[in-house]
**Q** 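Sharing a structure below in structure tokens format, with a few things to ask.
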Amino acid sequence: MRDLRMVLRVDAVASGGLGVLLVALSGVLDGLFGLPVLLSVLAGAGLVVWAAFLGWVSVGLAPGLVREVVLGNLVWVLASVAFAVAAWSELTGLGIAFVLAQAAVVLGLLVLQATGLPRATTARPAS
């Protein structure tokens, strides 16, 4: 159960950090990666909110909320890959690599969270 808590907290720090960077560097990322400024700002702000949610979930480890985190991360991975494919011509090579790399990191966290969920469920005391 402690491992799941740590993975959720790592996810929170990574999500929050990426969110802040996307907002703060939105103009730079437009030129460097081909990521539109509005998309960077909206995604970044959403990631900061997501990070706060992850931190909250990591405190209680309610199985239903952890499942929502896993599902949310799955949606993020699928949306990131779809965006990389759909925006292939607008993104730079670095932009494509960035979008796919962050999706791969989230996929890794998703796997760790999904595998930690059964242990957290069985470790919870019966009510």
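Predicted model only: the values in this text are computed from it and were never measured.
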**Q** Would a hydrophobic clustering, with Ile, Leu, Val, Met, Phe, Trp and Tyr connected at side-chain separations under 4.5 Å, put L18 with V23?
**A**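 Result: no, two separate clusters.
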**Q** Whether the side chain of T115 engages the backbone of L112 through a donor-acceptor N/O pair (distance < 3.5 Å, no angle test) should be reported.
**A**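 Yes; judged by distance alone, with no hydrogens or angles, the pair exists.
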**Q** Is a side-chain donor or acceptor of T92 paired with a backbone partner of L32 at a separation under 3.5 angstrom?
**A**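 A pair under 3.5 Å: yes.
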**Q** List in chain and number order the residues that pass side-chain hydrogen bond (donor to acceptor under 3.5 Å, both in side chains) with S40, two or more places apart in sequence or in another chain; answer none if no residue qualifies.
**A**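 Scan of S40 (side-chain hydrogen bond (donor to acceptor under 3.5 Å, both in side chains), adjacent residues dropped) gives none.
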**Q** Are L61 and L117 co-members of a hydrophobic cluster defined by side-chain heavy atoms under 4.5 Å apart?
**A**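 Both belong to a single hydrophobic cluster.
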**Q** Are V99 and L94 in one and the same hydrophobic cluster, where Ile, Leu, Val, Met, Phe, Trp and Tyr link if side-chain heavy atoms are under 4.5 Å apart?
**A**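 They do share one cluster, since a chain of ILVMFWY contacts under 4.5 Å joins V99 to L94.
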**Q** For a quick test of reading the model, state the closest non-hydrogen atom pair linking A12 to G55 and the distance between them.
**A**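 For A12 versus G55, the nearest heavy atoms are CB-N, 4.0 Å.
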**Q** Among L110, L109, L65, which residue satisfies the side chain to side chain contact (heavy atoms under 4.5 Å, CB included) criterion with V70?
**A**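 Only one option passes, and that is L110.
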**Q** Please report the shortest heavy-atom distance between A103 and V77, naming the atom on each side.
**A**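 Looking at all heavy atoms of both residues, the shortest contact is O-CG2, 3.5 Å.
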**Q** Nearest 0.5 angstrom please: L4 CG to Q113 CD, how far?
**A**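 Reported to 0.5 Å precision, the distance equals 7.0 Å.
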**Q** Which one of V69, V7, V49 satisfies the side chain to side chain contact (heavy atoms under 4.5 Å, CB included) criterion with L54?
**A**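 Answer after filtering V69, V7, V49: V69.
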**Q** Considering only heavy atoms from C-beta outward, does the side chain of V106 approach that of S80 to under 4.5 Å?
**A**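 Counting from C-beta outward, V106 and S80 never come under 4.5 Å.
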**Q** Is the backbone N or O of V59 less than 3.5 Å from a side-chain atom of R5, with the two atoms forming a donor-acceptor pair by type?
**A**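 The answer is yes, because a donor-acceptor pair under 3.5 Å joins these two groups.
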**Q** Do L107 and F83 belong to the same hydrophobic cluster, where Ile, Leu, Val, Met, Phe, Trp and Tyr are linked whenever their side-chain heavy atoms lie under 4.5 Å apart, directly or via other members?
**A**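 Yes, because L107 and F83 connect within a single hydrophobic cluster, where side-chain heavy atoms sit under 4.5 Å apart.
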**Q** Applying side chain to side chain contact (heavy atoms under 4.5 Å, CB included) between S26 and each of L39, L42, L21, V41, report the one that passes.
**A**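 It is V41, the one option of L39, L42, L21, V41 that forms the side chain to side chain contact (heavy atoms under 4.5 Å, CB included) with S26.
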**Q** I'd like to check W76 versus L47 (side-chain heavy atoms, cut-off strictly below 4.5 Å). Are they in contact?
**A**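 Yes - at least one pair of side-chain heavy atoms lies under 4.5 Å apart.
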**Q** Which residues pass the ring pair (Phe, Tyr, Trp, His ring centres under 6.0 Å) test with F33, sequence neighbours left out?
**A**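 Per chain and number, F33 pairs via ring pair (Phe, Tyr, Trp, His ring centres under 6.0 Å) with F98.
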**Q** Indicate, with yes or no, if V105 and V20 share a hydrophobic cluster defined by side-chain heavy-atom contacts under 4.5 Å among Ile, Leu, Val, Met, Phe, Trp and Tyr.
**A**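 V20 does not cluster with V105.
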**Q** Could you state the interatomic distance from CZ (R67) to CG (L74), rounded to the nearest 0.5 Å?
**A**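 The distance works out to 15.0 Å.
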**Q** Got D30 and L35 here, is their nearest side-chain heavy-atom distance under 4.5 Å?
**A**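 Side chain of D30 against side chain of L35, heavy atoms only: no contact under 4.5 Å found.
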**Q** Do W50 and N73 have side chains that approach each other closer than 4.5 Å (heavy atoms only, starting at C-beta)?
**A**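 In short, these two side chains touch, coming nearer than 4.5 Å.
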